[in-house]
Each structure stands twice: as structure tokens, then as C-alpha cells.
**Q** 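Take a look at this one; I'll ask things after.
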Amino acid sequence: MPSRFIRHASLRQLQILEAIVRLGSFTRAAEELFLTQPTVSMQIKKLSETVGAPLFMPAGRNVEPTEAGREVYRAARTLMDALVDLEIRLADLKGLKRGRFRLGVITTAKYFAPEILGAFCEAYPGIDVSLKVSNRHRVIERMSNHEDDLYIFGEPDTIGLPVEATYLAPNPLIIVARADHPLVGASNIPLERIVQERFILREPGSGVRDTITRLFGEHGLKPNVRMELGSNEAIKHAIIAGLGISILSLHSLNLDAGAGRLSMLNVAGFPIQRDWYLVHPKGRELSLIARTFLAFAVEHQVNIQETLARTHAALCQSGPCN
């Protein structure tokens with residue numbers, strides 16, 4: 001059986017099976033791997049013929065692996081992990097002249113992660129870098145599947161996986177309103193007053209939303225949620241349109257600080273001080289490139305803090321800020 005499997009099964013087929021099991025869908029696996037769905041179906045059919053048993057069965061609108069499919073999936077994961085380890089060792093032999101680095105970040109970190117990556121590429125032009133931006137739930141999933149070299153997270157102790165975390169930079173959360181909002185310029189606004197405002201929040205699964213929910217819950221309060229939006233850009237546009245206020249990371253306002261149309265409210269207990277960390281699974285060996293990027297990013301934190309200070313000053317022009 002082992003020799004027959006080696007002769008007839010391909011690494012690409014195992015990669016496709018791994019993606020289908022992880023994503024629960026032939027369609028989503030095809031999208032992730034940049035393949036057509038007929039190609040994915042054909043490759044799984046060939047692999048099933050090699051195994052001699054069906055690999056998937058319907059589960060509502062998705063699919064789930066059969067017992068044979070789960071066995072092949074476990075073998076595929078073992079093989080892929082071994083190949084990743086091999087890639088790390090080979091990259092170390094090449095030093096920092098050539099190689100690949102993959103960074104996974106949660107959505108809000110996209111406002112400063114490209115700046116660090118850009119500076120890193122200038123220092124090490126032979127390194128091919130990639131950046132994957134997703135919500136917190138998806139990035140945790142990527143980490144559990146070892147899809148990237150390092151990750152940028154807030155609150156690493158709530159990830160649910162054993163990880164190594166290195167402090168990177170502050171991530172203050174602020175309450176943002178339109179520049180002409182009646183509360184702009186007021187000092188030490190109590191939370192009991194702020195929950196009377198209409199809130200615009202990120203979708204469930206957002207790390208910022210989880211923090212907000214905990215904060216108000218600790219004070220026995222519930223925000224008046226008017227709408228939920230899937231991006232910080234959409235939230236900022238909604239605030240400018242007068243649809244409500246929101247709690248955002250100060251990083252999300254770095255590029256234009258709201259272009260004069262947004263202000264930070266001076267609310268008791270704000271900013272909420274959170275932090276960013278560079279994270280990787282505990283016990284997983286980092287490549288030379290990943291170790292070099294980690295040290296490089298930590299040194300870059302001064303630049304991140306200077307940018308935050310400028311953004312904070314721009315948002316405080318209309319009155320007292322926290």
C-alpha cells in the first residue's frame with residue numbers, strides 16, 4: 001500500500017484535501033488555491049481511487065471528511081509540517097540573501113504592518129514577503145495550521161493556543177465621533193452618558209468588539225448598537241455620515257486622522273490601553289528570516305509610537321482629549 005500510494009498520489013492532491021477539510025468546502029478550497037472547482041473535484045476523485053474509499057461526504061451545504069478522509073488528512077498535515085521544517089532549515093543555509101517570509105495579522109494591524117514590512121524589504125531586498133490580513137478568528141485558524149511564519153495579535157493569552165509572544169507596540173482604543181458632535185470638547189464624559197449614543201461596531205469575532213463588550217459588561221452597561229460593519233473604513237464613513245459613534249484603534253486613524261472630520265471624545269476610562277504582540281506557536285522553530293524580522297520589528301516600535309502621537313494630536317484639535 002505505501003508504495004502504491006507514493007506512485008499514484010501527488011503532493012498537490014494532499015494539499016487540496018487538506019484545504020477542503022480545513023475550509024469545509026470544495027469551492028472555498030478552490031478559491032484559496034487558485035484552482036477551478038472541476039480541477040479540485042477531479043484531483044479528489046483520483047485520490048479517492050488511490051485510497052480505495054470515499055474521502056468526503058455531504059454535511060448540509062458543506063462537506064466533511066469520511067473516516068478514510070480524516071486518516072489521509074492527518075498524514076497530509078504531518079507531511080506538510082515536515083516540508084515546512086525542511087524549508088526553514090534550507091532557508092537558514094542560504095542566510096538572508098534569499099528566502100520567503102509570511103506575516104499574518106488581524107485587521108487593525110494592517111495600518112502599520114505594511115510599514116514594517118516595507119522597511120524590512122529595503123534592508124533585505126532578496127526576501128520575498130507576503131502579508132495576510134484577516135479577522136481574529138481566521139488568523140487563529142491560520143496559526144493552528146502553521147500557514148505563516150509570525151503573527152501580529154492583541155491579547156495573546158486569549159488565543160486559545162500555546163504561543164510565544166513578544167511585545168511590539170501599544171494599541172490604544174478610543175471613542176470617535178464626528179467633529180461637530182455635541183460631546184466633542186466635553187471632559188471626562190461618564191460611560192453612563194456615552195452608552196446613550198448610537199454605536200457602530202465591528203462584526204462579531206472582532207477583537208475590538210470583544211474588548212468593548214467586556215468593558216461595558218463590567219460596568220453593567222449595554223451599548224446602543226445601531227449597526228455592525230465589516231471594516232474600520234466603513235465605520236469611519238458611517239461616523240462622518242452622522243450615523244453614530246464608535247470605538248476604534250488609534251492605529252486605524254493613522255493615515256489621515258479623519259481628515260478633520262473626526263474627533264476623539266474625552267470619556268472616562270479611555271483610551272483603553274491594549275498592546276500588539278508578535279506571536280508564533282510555542283515550540284515551533286523559527287527560521288533565520290523570521291527571527292531577523294522579529295528583532296527588526298521590535299526595533300521599529302519607536303516609529304509606530306511616533307505615528308500614534310501625531311494621530312492623537314490631530315484628533316485632539318477640537319478640545320480636551322484623554
Side-chain angles (χ1 to χ4, degrees), residues 105-116 133 135-136 139 151-158 165-179 181 183-191 194-195 197 199-202 206-219 221 223 229 231-233 235-236 239 244-279 297-298 300-322:
V105 306
I106 61 174
T107 307
T108 308
K110 71 180 181 180
Y111 296 101
F112 65 88
E115 178 184 337
I116 302 175
V133 181
N135 65 25
R136 182 179 178 85
V139 175
Y151 303 85
I152 296 181
F153 263 102
E155 301 182 287
D157 56 333
T158 64
T166 302
Y167 174 79
L168 177 60
N171 178 28
L173 302 184
I174 61 172
I175 298 188
V176 181
R178 197 164 76 172
H181 191 281
L183 291 178
V184 172
S187 297
N188 203 33
I189 304 165
L191 285 178
I194 211 70
V195 292
E197 296 293 317
F199 270 82
I200 307 163
L201 298 182
R202 286 289 303 273
S206 160
V208 173
R209 183 191 178 109
D210 291 343
T211 299
I212 295 167
T213 302
R214 285 199 305 270
L215 171 71
F216 285 112
E218 289 168 359
H219 290 81
L221 301 172
L229 296 174
S231 73
N232 292 325
E233 281 68 31
I235 289 177
K236 286 186 283 187
I239 295 172
I245 66 174
S246 188
I247 299 178
L248 295 170
S249 167
L250 187 56
H251 289 279
S252 68
L253 297 150
N254 278 345
L255 294 180
D256 60 1
R261 295 173 293 176
L262 298 174
S263 291
M264 178 174 16
L265 298 183
N266 187 308
V267 179
F270 281 83
I272 299 175
Q273 294 299 335
R274 300 172 81 215
D275 297 303
W276 291 117
Y277 294 86
L278 281 161
V279 177
V298 170
H300 196 80
Q301 65 177 268
V302 174
N303 304 70
I304 299 174
Q305 293 180 12
E306 289 176 351
T307 300
L308 284 178
R310 289 193 296 270
T311 303
H312 184 276
L315 290 169
C316 289
Q317 293 178 357
S318 300
C321 279
N322 305 62

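These values consider heavy atoms only, across backbone and side chains, with no hydrogens, waters or symmetry-generated copies.
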**Q** Measure across N171 and S249 and return the closest heavy-atom pair with its distance rounded to 0.1 Å.
**A** OD1-OG, 2.6 Å

**Q** Please report the closest heavy-atom contact between S263 and A179, naming both atoms and the distance.
**A** OG-CA, 3.7 Å

**Q** Which residues satisfy the side-chain contact (heavy atoms from CB on, under 4.5 Å) test with A113, sequence neighbours excluded?
**A** L103, V105, L131, I152

**Q** When you compare the side chain of L191 with that of E218, does any pair of heavy atoms fall below 4.5 Å?
**A** no

**Q** For N266 and A186, which heavy atoms make the closest approach, and how far apart are they?
**A** CB-O, 3.3 Å

**Q** If you look at every heavy atom in N188 and A268, which pair is closest and at what distance?
**A** OD1-CB, 3.4 Å

**Q** How many angstroms lie between atom CD1 of I175 and atom OG of S246, to the nearest 0.5 angstrom?
**A** 9.0 Å

**Q** In the structure I gave you, are the side-chain heavy atoms of I245 and F199 within less than 4.5 Å of one another anywhere?
**A** yes

**Q** In Å and rounded to the nearest 0.5 Å, what is the CG to CE distance from L253 to M264?
**A** 8.5 Å

**Q** Quick one: pull up NZ in K110 and OG in S252 and give me the separation to the nearest 0.5 Å.
**A** 9.5 Å

**Q** Find the distance between CG (N135) and OG (S231) and round it off to the nearest 0.5 Å.
**A** 12.5 Å

**Q** Starting at OH of Y111, measure out to CG of L248 and round the result to the nearest 0.5 Å.
**A** 8.0 Å

**Q** Got a sec, which residues hit side-chain contact (heavy atoms from CB on, under 4.5 Å) with T213, two or more places apart in sequence or on another chain?
**A** R209

**Q** Quick one: side chains of residues 269-276, donor-acceptor pairs under 3.5 Å with protein atoms, not counting sequence neighbours, listed by atom name and distance.
**A**
unit_1	atom_1	unit_2	atom_2	d
R274	NE	T211	OG1	3.2
R274	NH2	E155	OE1	2.9
W276	NE1	H251	NE2	3.2

**Q** Taking atom CG of L250 and atom CG of L308, what is their separation to the nearest 0.5 Å?
**A** 5.0 Å

**Q** Going by side-chain hydrogen bond (donor to acceptor under 3.5 Å, both in side chains), name the residues that satisfy it together with E115, two or more places apart in sequence or in a different chain.
**A** H300

**Q** What is the minimum heavy-atom distance between I189 and I194, and which atoms define it?
**A** CG2-CD1, 4.2 Å

**Q** Do T107 and R202 have side chains that get closer than 4.5 Å, going by heavy atoms?
**A** yes

**Q** Where is the tightest heavy-atom contact between A297 and L278, given as atom of each residue plus distance?
**A** CB-CD1, 3.6 Å

**Q** So, using side-chain hydrogen bond (donor to acceptor under 3.5 Å, both in side chains) as the criterion, who are the partners of T108 when residues are at least two apart?
**A** none

**Q** Check E197 with R178, please: is the shortest side-chain N to carboxylate O separation under 4.0 Å?
**A** no

**Q** For E306, which residues count as a salt bridge (charged side-chain N to carboxylate O under 4.0 Å, His left out) partner, sequence neighbours excluded?
**A** none

**Q** Side chains of T307 and F112: does their closest heavy-atom pair fall under 4.5 Å?
**A** no

